[in-house]
Amino acid sequence: MLNRSLLSLSLLALASQALAAGTLVYGAPGEPVTLDPGNASDSPSLQVQTQIYDRLVNFKPGTSTPAPGLALSWTANPAATVWTFKLRPGVKFHDGTPFGADAVVFNVNRWWDKSDATGFRSQGKTFEIWGDLLGGYRGEAGSILKSVTKVDALTVRFTLNKAFTAFPDVLGTDYFGIASPAAVKKAGGAYGTPASLAVGTGPFSYVSWKTGDRVNLKANPGYWGTKASVGSFVVRFIKDPAARLNELRAGTIDFTSGLNPDDARSIKADGKLRLVLPPAFNVGLLNLNTRNKALSDLRVRQAISMAVNKKELVSAFYGDLGFSDASLLPQALGWANSKKVPADYPYDPAAARKLLADAGYGSGLSLDLWYPPISRSYFPTPKPVAEGIAADLSAIGIKVTLKTEDWAVYLKDRNSASGFDMHLYGWSGDYGDPDNFYSAFYGSGGSSDSGYDPAALNTLLAQGRAAVGQAAKAKVYAQVHDLTYAARVRLPLVHGVAPAAARSYVKNWITGPLGVLENVNLIRLEGKN
């Protein structure tokens, strides 16, 4: 009996070791731009970063509810202008150096202080997302952060220039992973590139990055949280959704996301696959650049908004996995919409042609429309969507030239001095507050690609951040909705559900409003050959 028990224990131990030695392979819609936290806002970068780095604040799996991360707790003064974070003891970076208050202050200063030498801005780093979500940088009028200080080895205090009730949620977004100061200093400006390392405290540690192919990670045996049940995690770059699905069917990848909505039915019917439908916590936008002479005229922007047949676009490319309305916000945040704003922009090509004529473009005009080269949750097939928009605009006399370029260059060029005339871009929510969507596209931090930055809107955004409770926030964001709807600078096209899928042996893959790769360490492989 004893020998049989020992044998059973030995078999269980061997099975556990085999499971831990397994490899999980994800088919990603694109290649990361960078693995330097705070320096990217694109999903391909963040999907890898969130495996390597922890944030101060986590979110409960499958929700947007804040939970302890590298910070065990946080408190604020009554005005929500001073936030104190108590840090988790005993945590180490993958390079063996200790995590603590010094590391937090080091990382925040890189993102926030343009003069910080370890930010390596002279080598192309911008940390743009900090300005987008937190109003600007050190010394700038719009900056929400006033100072960050070490109170003791495991306590950090943030003092804000303006009240911000969702401040912990922002620090919990995938952008702001805490990197090893020692690793950043050692690598210099190359940190987070294929030529260097990426060192955090997360459930997986960096092994290698093969440009154009994959990132290899391995499980962190010293992880403070739930340790991964697989030994390694491979992120392969497969831009085409159809190619990702073919590889999934062949078993060369274990799971993927951002698939074509049209494929949902066949995935569901395949006994070897499991269809996953993440929430539509996103928005896909047609963005107009008001620095363009024609687009600086509200009548032209109104004409474009009335010429695009959004309902036909959504029906053609999303089926019942997308919906269109006149709001930047997904349905989960619909409580913040204005009751004065119509359900959607009117579709009226005849009125659009008249507006163009009134603006002096009765004989037509020419504009470029840029579209992403990779699929996004809100634009799983961006080129056909762009082609549909171009056809609609052509019908009212606007000649559209379609353009695209490498994803990393696309992200940079859309924010350049001249920018794009029009471009497709969108947002997947990072936390459950309207500010997350509006501040990404409006205000001092979010207007670089549109040139639209009225003072009244900045004032409202500050009021929204300071508001306490849903009712108070709703009053402010209703006004934001009124103003932005009238401006016709960002035209909401779709809130889309991009199907994801996994092989049937992939268990406990938890998706939610904040992404599909937030909890990879919880995934189990049961029965993979």
Requested in this report: Test D42 against S45 for side-chain hydrogen bond (donor to acceptor under 3.5 Å, both in side chains), laying out the working first.
Outcome: CA-CA 6 Å; D42 64 297; S45 294; 2.9 Å; yes
Report task. Could you give me the CA-CA distance, side-chain angles and deciding distance for F233 and V520, then say whether side-chain contact (heavy atoms from CB on, under 4.5 Å) is met? Result -> CA-CA 9 Å; F233 180 40; V520 171; 4.0 Å; yes
Report task. Given ring pair (Phe, Tyr, Trp, His ring centres under 6.0 Å), test F59 with Y431 step by step and report yes or no. Result -> CA-CA 9 Å; F59 296 96; Y431 57 95; 7.5 Å; no
**Report entry** Working for side-chain contact (heavy atoms from CB on, under 4.5 Å), residues I389 and E387
**Finding:** CA-CA 5 Å; I389 294 170; E387 291 171 339; over 6 Å; no
Requested in this report: Could you check W427 against S41 for side-chain hydrogen bond (donor to acceptor under 3.5 Å, both in side chains), going step by step and ending with a plain yes or no?
Outcome: CA-CA 9 Å; W427 196 256; S41 59; over 6 Å; no
Query raised in the report: Hey, mind stepping through Y505 and D254 against side-chain hydrogen bond (donor to acceptor under 3.5 Å, both in side chains) and telling me if it holds?
Result: CA-CA 8 Å; Y505 53 72; D254 299 313; 2.5 Å; yes
Report task. Apply the test side-chain hydrogen bond (donor to acceptor under 3.5 Å, both in side chains) to residues R503 and T256: give CA-CA distance (whole Å), side-chain angles for both, the deciding distance (0.1 Å), then the verdict. Result -> CA-CA 9 Å; R503 302 286 295 183; T256 189; over 6 Å; no
Query raised in the report: Are L171 and V108 close enough, and set up right, to give a side-chain contact (heavy atoms from CB on, under 4.5 Å), and what steps lead you there?
Result: CA-CA 10 Å; L171 294 184; V108 172; 5.7 Å; no
Query - Residues I52, L35; criterion side-chain contact (heavy atoms from CB on, under 4.5 Å); working and verdict - result: CA-CA 9 Å; I52 298 170; L35 297 182; 4.3 Å; yes
Report task. Would you sort out whether W370 and F420 count as a ring pair (Phe, Tyr, Trp, His ring centres under 6.0 Å), showing the intermediate values? Result -> CA-CA 7 Å; W370 293 75; F420 300 148; 4.3 Å; yes
Query - ring pair (Phe, Tyr, Trp, His ring centres under 6.0 Å) between F281 and F437, intermediate numbers included - result: CA-CA 10 Å; F281 199 63; F437 283 82; 5.6 Å; yes
Requested in this report: Test D344 against K311 for salt bridge (Lys or Arg N to Asp or Glu O under 4.0 Å), laying out the working first.
Outcome: CA-CA 10 Å; D344 210 339; K311 284 185 169 44; 3.6 Å; yes
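Separating the CZ atom in R55 from the OH atom in Y175 is a distance of 11.5 Å, to the nearest 0.5 Å. For the atom pair NZ (K473) and CD (Q463), the distance works out to 12.0 Å, reported to the nearest 0.5 Å. Considering CD1 of I304 and CG of L295, their distance stands at 5.0 Å, rounded to 0.5 Å. Here CG of L514 is found 8.0 Å from CG of D174. Values are rounded to the nearest 0.5 Å. Here the CG atom belonging to L134 is positioned 5.0 Å from the CD1 atom belonging to I144, to the nearest 0.5 angstrom. Put simply, CG on L24 and CD1 on I253 are 10.5 Å apart, with the number rounded to the nearest 0.5 Å.
For the pair L491 and V308, the minimum side-chain heavy-atom distance is 4.5 Å or more. Within the 4.5 Å cutoff, no side-chain heavy atoms of Q51 are placed close to those of N521. At least one side-chain heavy atom of P261 sits under 4.5 Å from a side-chain heavy atom of P380. Contact of the W407 side chain with the E31 side chain is not registered, since no non-hydrogen atoms from C-beta on lie closer than 4.5 Å. Residues Y477 and P434 meet the side-chain proximity criterion, which asks for heavy atoms closer than 4.5 Å. Using a 4.5 Å heavy-atom cutoff, the side chains of F379 and L285 are not in contact. The side-chain heavy atoms of E312 and Y347, taken from C-beta on, include no pair separated by under 4.5 Å.
Across D169 and S64, no two heavy atoms sit closer than the pair OD2-O, 4.5 Å. Of all non-hydrogen atoms in L313 and G388, the two that sit nearest each other are CD2-CA, 3.9 Å. Here the closest heavy-atom approach between residue N508 and residue R524 is recorded as CB-NH1, 3.6 Å. Here the shortest heavy-atom pairing between W111 and G38 reads NE1-CA, 3.8 Å. Considering every non-hydrogen atom in both A498 and S377, the closest pair reads CB-O, 3.3 Å. Of all the heavy atoms in P203 and D54, the pair that sits closest is CD-OD1, 4.2 Å.
Side-chain atoms of S450 and Y442 form no donor-acceptor pair, as typed in the model, at a separation below 3.5 Å. Under 3.5 Å, the side chains of R488 and T290 contain no donor-acceptor pair of N or O atoms. Judged purely by distance below 3.5 Å, without hydrogens or angles, the side chains of N337 and S327 pair a donor atom with an acceptor atom.
Side chain of S305 to backbone of Q302: a donor-acceptor contact under 3.5 angstrom is found. Side chain of T50 to backbone of L46: no donor-acceptor contact under 3.5 angstrom is found. Using a distance-only test at 3.5 Å, with no hydrogens or angles considered, a donor-acceptor pair links the side chain of N161 to the main chain of L145. Under the 3.5 Å distance criterion, the side-chain polar atoms of N39 are left unmatched by any main-chain donor or acceptor of K125. A distance-only check finds a donor-acceptor pair linking the side chain of N436 to the backbone of D430 [under 3.5 Å]. The backbone N or O of N415 lies less than 3.5 Å from no partner atom in the side chain of D449, so there is not a single donor-acceptor pair. Without hydrogens or angle criteria, W83 side chain to A80 main chain gives a donor-acceptor distance under 3.5 Å. Using modelled atom types, one side-chain atom of T165 and one backbone atom of A467 make a donor-acceptor pair closer than 3.5 Å. Between the side chain of K383 and the backbone N or O of Y371, no donor-acceptor pair lies under 3.5 Å. Judged by distance alone, with hydrogens and angles left aside, the side-chain atoms of S416 form a donor-acceptor pair with the main-chain N or O of D413 at under 3.5 Å.
Classification of D297 and R299 as a salt-bridged pair holds, one side-chain N sitting under 4.0 Å from a carboxylate O. Using a 4.0 Å cut-off between a side-chain N of Lys or Arg and a carboxylate O of Asp or Glu, R236 and E247 qualify as a salt bridge. A salt bridge does not link R244 with D240: every distance from a Lys NZ or Arg NE/NH1/NH2 to an Asp or Glu carboxylate oxygen is 4.0 Å or more. Comment: R465 does not engage D433 in a salt bridge, judged by the lack of any side-chain N to carboxylate O separation of less than 4.0 angstrom.
Note: Y410 and H423 have perpendicular aromatic rings, judged against thresholds of 30 and 60 degrees for the angle between ring planes. Classified by interplanar angle (parallel below 30°, tilted 30° to 60°, perpendicular above 60°), the ring pair F237/W209 is perpendicular.
Environment of CZ in R291: crowded, with over 12 heavy atoms of neighbouring residues, nucleotides or ligands closer than 6.0 Å.
In this structure, the ring of F127 has its center no less than 6.0 angstrom from the ring center of W130.
Between D421 and the options N292, T401, N289, a side chain to side chain donor-acceptor pair (under 3.5 Å) holds for only N292.
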